[in-house]
Each structure stands twice: as C-alpha cells, then as structure tokens.
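Model, not experiment: these values are computed from the prediction.
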Protein chains: 2
Amino acid sequence: MSAEERHGGAGIQSAERVLRILELVGAAPTGLTAAEIAQRLGLGQSTTYRLLATLHRQDYLARQSGEHRYILGRTVDQLGRALQYQLVATDPVRQVLRAMHDAVGAPAYLTVFRGDDIAVAHIEDSAAHPRIGQLHVGFSEASHATAFGKLMLASRDDAGVARFLERHSPTRLTASSITDAAALNDQLDEIRAQQLAVEIEEYLPKLACIAAPVRSAAGRTVGAVSVSVQAKDFAARSTQLERAVRRGAWQVSARLSG
Amino acid sequence: MSAEERHGGAGIQSAERVLRILELVGAAPTGLTAAEIAQRLGLGQSTTYRLLATLHRQDYLARQSGEHRYILGRTVDQLGRALQYQLVATDPVRQVLRAMHDAVGAPAYLTVFRGDDIAVAHIEDSAAHPRIGQLHVGFSEASHATAFGKLMLASRDDAGVARFLERHSPTRLTASSITDAAALNDQLDEIRAQQLAVEIEEYLPKLACIAAPVRSAAGRTVGAVSVSVQAKDFAARSTQLERAVRRGAWQVSARLSG
DNA sequence: GGGCGTTTCGCACATAGTGCGAACGAGGTG
DNA sequence: CACCTCGTTCGCACTATGTGCGAAACGCCC
C-alpha cells in the first residue's frame with residue numbers, strides 16, 4: 001500500500017494508524033465520523049471500523065448513543081491528568097505560584113524538566129501582569145536562552161550537557177543569547193554555585209527572567225519556579241525577585257515531598 | 001499466542017498493546033524501562049522495542065538522553081489539552097466558577113456532557129467550602145441522581161432518554177433517588193420548562209445541588225454549572241442559589257460563544 | 001416502500017507483526 | 001584489560017494478524 005520507508009524503517013503500521021486517529025479526533029472539536037476518519041487516512045471502511053472499535057473498547061474514544069461522531073474518551077482524559085500530575089501542576093502547587101504572582105506583581109512560571117524537553121506546567125498571571133506572549137503552557141524548547149532552561153542544563157553533569165548540546169545547538173534568539181558552548185558551561189558552573197539562574201534579554205528583547213530550582217524528595221532537580229519582569233526594572237528589584245523565587249521553589253519542593 | 005477471544009473478537013492486537021503501554025507508562029510516575037514494559041506485558045524484547053519506537057517516534061513517549069526510562073511525551077500532553085479545551089475548562093471559564101464560589105460560599109462545578117458520559121471539567125472550591133468528596137474531576141456516572149445529570153437527560157428527546165436508560169438503568173443511591181422511569185420523565189419535563197435542575201439528597205445524603213444549563217453558540221445544551229450546599233440550608237437559600245447558577249451558566253455560555 | 005448512510009460480517013491473501021537468537025555497544029567491576 | 005551485565009539493534013523464518021473487497025444487515029429520513 002502506502003510506501004512507508006521513512007528513516008529507520010521500523011514502525012508498527014496499525015499502531016501508527018491508531019495514534020493518528022487519536023490526533024485527528026483530538027483536533028476536531030466536534031468529533032469525526034468513521035467515514036471522515038477513513039477518508040482522511042486513506043483507509044478502507046472495514047479497517048477503520050476495526051481500529052475505531054479497538055480505540056472505543058479501551059475508552060480512548062467515545063460517542064453518544066444516537067450520534068455517529070467519535071470524540072476523545074475518558075482514557076485520554078486519564079492519561080492527560082496523569083501527565084499533569086507528573087508535571088506537578090497540582091492545586092497546592094498552583095497556590096504557591098499564585099502567591100508569588102501576587103507578591104511580586106509579575107507572571108510566575110512553573111516548569112518541569114522532562115526528558116530533553118522543558119514542560120511549562122503552569123503559568124500564574126493576571127490582566128495587570130500578563131504572561132509572556134511567546135511562552136505557552138505545554139512543552140517548549142529554547143533551553144539555553146531561558147532562566148529555567150539553564151537551570152535544567154545546570155542540573156546535568158558535563159557529559160550530560162554535551163550530549164544535550166549535540167542534539168540541540170544553542171541558537172541566537174536575541175543579541176544577548178549565549179551561543180558559545182564554553183561560555184555557556186562557565187555560566188552553568190556559576191548557576192550550580194548560586195542555585196539560581198538569571199536571563200536578561202537572552203530569550204526575548206526587553207524581558208528578564210529569574211529562576212530557582214525545584215527539588216524532588218530525593219534531592220534531584222526536577223524543575224524550576226520563575227518570574228519574568230521588564231529588563232529595565234530587573235537590576236533594581238533583583239534582591240526581591242531572588243528572594244521570591246527561592247522561597248517559591250522551596251515551597252513547591254516541600255509540597256512535592258509531602 | 002495468547003488467546004484473545006473476549007466479547008466480539010475484534011480488536012487490533014498491536015494497537016491494543018500500544019495503548020496498554022501508554023497506560024502503563026502513565027501510571028508510573030518515574031517512567032518505565034523497556035525491559036519492565038516487556039515483562040509486564042509478557043512480550044518479547046524485540047516486539048516491545050518496536051512498539052516503543054513507534055510511540056517514541058510520534059512523541060507519545062519521551063526520554064532523557066542518558067536515561068533508559070520512558071515517560072509520557074508531548075503528544076499525550078497535546079491530546080490532554082485538546083480534551084481540556086473541548087471540555088471548556090479554559091481560564092476565562094474558570095474565573096466564572098471562582099466568582100460563583102466566592103458569591104455563594106459553596107463549591108462550584110462545571111460539567112460537560114460528552115457522549116453518554118458526564119465530564120466534571122472543573123471544580124472551584126476552597127478550604128472553607130470544600131468539594132464533595134465523592135465527586136472528582138474527570139468522568140463520572142450517576143446521571144439520574146445529580147442535578148447536572150438530569151440536565152443532560154433533559155437535553156435529549158424522549159427517544160434519546162430511552163436509549164440512555166437502556167444502557168444505564170437508574171440505581172438507588174439514597175432513599176430519595178429516583179428509580180422509576182416515568183417519574184424521571186415527568187421531572188425531566190419540569191426541568192425543560194424551568195431550564196433548571198435541582199437535586200436534594202438523591203445522590204448523597206445531606207447534600208443538595210442546583211444546576212443550570214450551559215449552551216453552545218448554536219444553542220445546544222453542552223454542559224452545566226452547579227453548586228452544592230447542605231440539604232438543610234437549601235430551602236432558605238434556593239432563590240439566591242438559583243440566581244447564582246443561572247447567572248454563572250449564562251456567563252460561561254457567553255464566554256464560550258466568544 | 002425505496003433510497004441513503006452507517007456498521008457488521010465473511011472470506012481469501014499476503015503483508016505486516018511476531019518471537020527467537022545472536023550481535024553490537026556502552027558502562028562498570030574484578 | 002578481559003569480563004561481566006544491561007540495553008538496543010539486527011536478521012530471519014513463520015504464520016498469525018491485519019487488510020481490502022464485496023455484500024449483507026440495520027436504522028433513518030424523505
């Protein structure tokens with residue numbers, strides 16, 4: 001059928017199809033009918049129905065008694081919540097972020113280090129102090145140019161950092177972005193000593209960010225708490241901000257450990 | 001290999017396996033290694049690696065450069081968020097719920113009707129006014145015994161209600177639960193007329209709940225907003241509560257439509 | 001009743017998925 | 001340095017597994 005010889009060659013066909021169905025249905029706010037799915041995937045009716053039946057039986061998809069449209073089901077919900085939970089975005093933790101936001105009058109971020117990615121787990125902001133436009137809740141790249149990104153790198157040893165840089169070379173996002181590996185490593189050492197990371201106009205012009213590490217009960221750095229302010233205000237407020245993120249990170253860590 | 005002749009017989013094997021892997025990994029906060037997954041599924045190494053590769057390539061699973069553990073990846077996050085979004089649990093809507101909670105001093109609920117299920121999309125509560133213990137965010141049954149459940153049924157025509165009752169017969173949860181189809185249908189008519197549903201100790205003893213319908217831009221009833229209070233307080237406060245949920249439902253509907 | 005869209009069923013074919021075993025690679029340890 | 005162990009990939013042979021086609025059973029609306 002469809003030539004499927006991408007990179008390596010591996011890839012379970014029917015599994016890929018099932019996953020693609022999930023994505024299709026997820027992208028359709030009002031659901032899709034079996035026929036629509038079959039058509040968009042270029043599959044036969046029969047095959048599609050069997051795939052859908054599998055998904056339906058496991059509650060990945062659901063539908064209304066009379067209706068013919070498939071929508072995402074409760075298992076997807078459970079998976080999403082499990083991930084949310086793993087990302088530490090629980091109610092008590094959110095309260096800490098809210099308190100931080102109120103205290104410093106700036107958007108507060110919770111990021112969690114996942115694999116080689118950084119997950120923006122939660123943002124606490126307000127109309128008066130809105131979040132950074134470019135930074136959405138979800139997964140994000142830009143490791144070397146953000147305060148929490150540098151914190152993630154600093155949590156690894158030299159070999160780990162090197163491995164990471166092989167896959168994601170530091171790009172120049174603004175005039176101040178660090179793109180040299182040696183300079184980056186120096187700064188990471190400094191960050192390890194301070195247990196605090198700062199970024200001034202390295203990610204976005206006019207903005208600065210300060211982040212402190214969140215630790216698991218075992219002491220591993222699993223994420224960061226940060227706030228971002230106008231770059232021009234940063235110098236004057238740095239002591240206050242440092243105190244705020246250190247305190248926030250400590251509180252989040254504490255609530256994590258129990 | 002493993003005999004797999006459950007109910008009907010349909011069910012794509014490799015698809016089911018992939019889905020089960022997702023659930024396994026989702027349930028393991030710190031991730032799983034390939035070997036662990038292989039063992040728990042009773043699969044060969046080779047097969048497991050191929051399945052994992054598929055999941056990994058599509059970003060359903062991720063892992064850290066050095067690490068050997070698989071964790072849920074960004075696609076799962078996206079699916080979860082897509083569902084959250086479909087469930088209307090967005091920030092502006094949450095604000096409405098919070099305002100309701102503050103106004104009436106009781107936990108406020110947002111439920112969305114999905115297929116034959118009711119999804120509890122959001123709960124706004126506080127230490128002073130905590131949520132009902134038995135009712136968690138996520139999907140829930142108990143359609144006939146809750147205010148929002150009755151609202152869901154009332155949004156269907158007689159045939160739709162009948163179809164639903166075939167699959168989920170009304171169980172007696174408390175002494176006041178309605179278990180008779182005729183009585184239920186009478187009440188649904190009343191609810192359709194009032195555009196408001198009330199439940200007093202039908203779901204849990206000592207508790208009462210009042211719910212108003214949320215409508216889509218097209219005018220379809222897609223969910224409900226509700227608050228729950230102590231049953232003994234209900235009569236005295238009913239006018240205030242009715243006003244609050246009607247107002248909340250209206251606001252949510254408005255924010256939905258844009 | 002006749003048409004239409006959805007869903008299920010049966011069957012024949014060969015592809016796609018599987019399991020086994022072995023090779024490869026990277027650490028770690030004596 | 002040779003020897004582990006553990007994680008990952010490769011090759012291959014086999015057939016179970018998934019597939020497509022066609023046709024039949026619903027359920028529904030005009």
Side-chain angles (χ1 to χ4, degrees), chain A residues 1-21 25 31-57 61-71 115 156-160 162-163 166, chain B residues 1-21 25 31-57 61-71 115 156-160 162-164 166-167:
Chain A
M1 305 292 95
S2 51
E4 194 91 90
E5 69 268 0
R6 302 159 170 265
H7 330 96
I12 309 295
Q13 195 184 58
S14 52
E16 281 179 351
R17 289 175 172 176
V18 164
L19 299 179
R20 203 149 293 143
I21 289 178
V25 176
L32 292 171
T33 69
E36 288 171 327
I37 294 170
Q39 192 229 320
R40 295 199 197 185
L41 254 60
L43 294 179
Q45 307 270 48
S46 223
T47 307
T48 308
Y49 275 103
R50 258 170 309 203
L51 292 170
L52 288 174
T54 308
L55 252 1
H56 194 183
R57 191 172 306 176
L61 293 182
R63 55 189 191 163
Q64 203 163 308
S65 306
E67 276 294 331
H68 297 286
R69 329 202 127 256
Y70 287 89
I71 54 183
R156 303 190 175 190
D157 59 18
D158 291 343
R163 259 198 308 265
E166 280 172 26
Chain B
M1 306 295 98
S2 50
E4 194 92 89
E5 69 269 358
R6 304 157 169 267
H7 330 96
I12 310 295
Q13 196 183 56
S14 51
E16 282 180 351
R17 289 175 172 175
V18 164
L19 300 179
R20 202 149 293 143
I21 289 179
V25 176
L32 292 172
T33 68
E36 288 171 327
I37 294 170
Q39 192 229 321
R40 295 199 197 186
L41 255 59
L43 294 179
Q45 307 270 51
S46 223
T47 307
T48 308
Y49 276 103
R50 259 171 309 202
L51 293 169
L52 288 174
T54 308
L55 252 0
H56 193 184
R57 194 170 306 176
L61 294 182
R63 54 190 190 162
Q64 202 163 311
S65 306
E67 276 292 332
H68 299 289
R69 326 200 131 257
Y70 287 88
I71 54 184
R156 303 189 175 191
D157 58 18
D158 290 343
R163 258 198 309 263
F164 182 91
E166 280 172 25
R167 308 173 123 253

**Whole-angstrom distance between dA12(C) and dA25(D), as gauged at atom C1'** = 22 Å

**Prompt:** For the atom pair OG1 (T48(B)) and CD (Q39(B)), what is the distance rounded to the nearest 0.5 Å?
**Reply:** 10.5 Å

**Message:** For nucleotides 4-13 of chain D, give me one character per nucleotide, 5' to 3': B if any protein heavy atom sits under 4.0 Å from the base, S if the only such contacts are to the sugar-phosphate, - if neither.
**Reply:** ---SBBBB--

**Message:** For the P atoms, the ones on dG22(D) and on dC26(D), what distance do you get once it is rounded to whole angstrom?
**Reply:** 23 Å

**Message:** Distance check, P atoms only: dG7(D) and dG11(D), in whole angstrom units.
**Reply:** 23 Å

**Message:** dG18(D), OP1 or OP2 - any side-chain N/O from R17(A) closer than 4.0 Å?
**Reply:** no

**Message:** Can you measure E16(A) atom CD to dT15(C) atom C1' for me and round it to whole angstrom units?
**Reply:** 15 Å

**Prompt:** Expressed in angstrom and rounded to an integer, what is the separation of L52(A) atom CG from dG18(D) atom P?
**Reply:** 15 Å

**Separation of dG19(C) C1' from L43(B) CG (nearest whole Å)** = 10 Å

**Prompt:** If you measure from CG on L19(B) to CG on L19(A), what distance do you get to the nearest 0.5 Å?
**Reply:** 7.0 Å

**Prompt:** Between R63(B) and H56(B), does a side-chain contact (heavy atoms from CB on, under 4.5 Å) hold up when you go through it step by step?
**Reply:** CA-CA 9 Å; R63(B) 54 190 190 162; H56(B) 193 184; 3.9 Å; yes

**Asked** For the pair made of CG in L32(A) and P in dT6(C), what is the distance, rounded to whole Å?
**Response** 12 Å

**Item:** 5'-most by nearest nucleotide on DNA chain C - R69(A) or A15(A)
**Value:** R69(A)

**Prompt:** Roughly how many Å is it from CD in Q13(B) to P in dT19(D), rounded to a whole number?
**Reply:** 12 Å

**Asked** Atom CG of L41(A) and atom P of dG18(D): how far apart are they, to the nearest Å?
**Response** 17 Å

**Straight-line distance of S14(B) OG to R50(B) CZ, nearest 0.5 Å** = 11.0 Å

**Point-to-point distance, once rounded to the nearest 0.5 Å, from CD of E16(B) to CG of L41(B)** = 11.0 Å

**Asked** What integer distance in Å separates I37(A):CD1 from dT7(C):C1'?
**Response** 14 Å

**Prompt:** When you match T48(A) and R163(B) each to their closest nucleotide on DNA chain D, which lands nearer the 5' end?
**Reply:** T48(A)

**Rounded interatomic separation in angstrom, taking CD1 from I12(A) and P from dT19(D)** = 11 Å

**Prompt:** How far apart are the C-alpha atoms of L51(A) and L43(A), what are their side-chain angles, what is the distance that settles it, and do they pass the side-chain contact (heavy atoms from CB on, under 4.5 Å) test?
**Reply:** CA-CA 10 Å; L51(A) 292 170; L43(A) 294 179; 3.9 Å; yes

**Prompt:** Between L52(B) and I37(B), is any pair of side-chain heavy atoms under 4.5 Å apart?
**Reply:** yes

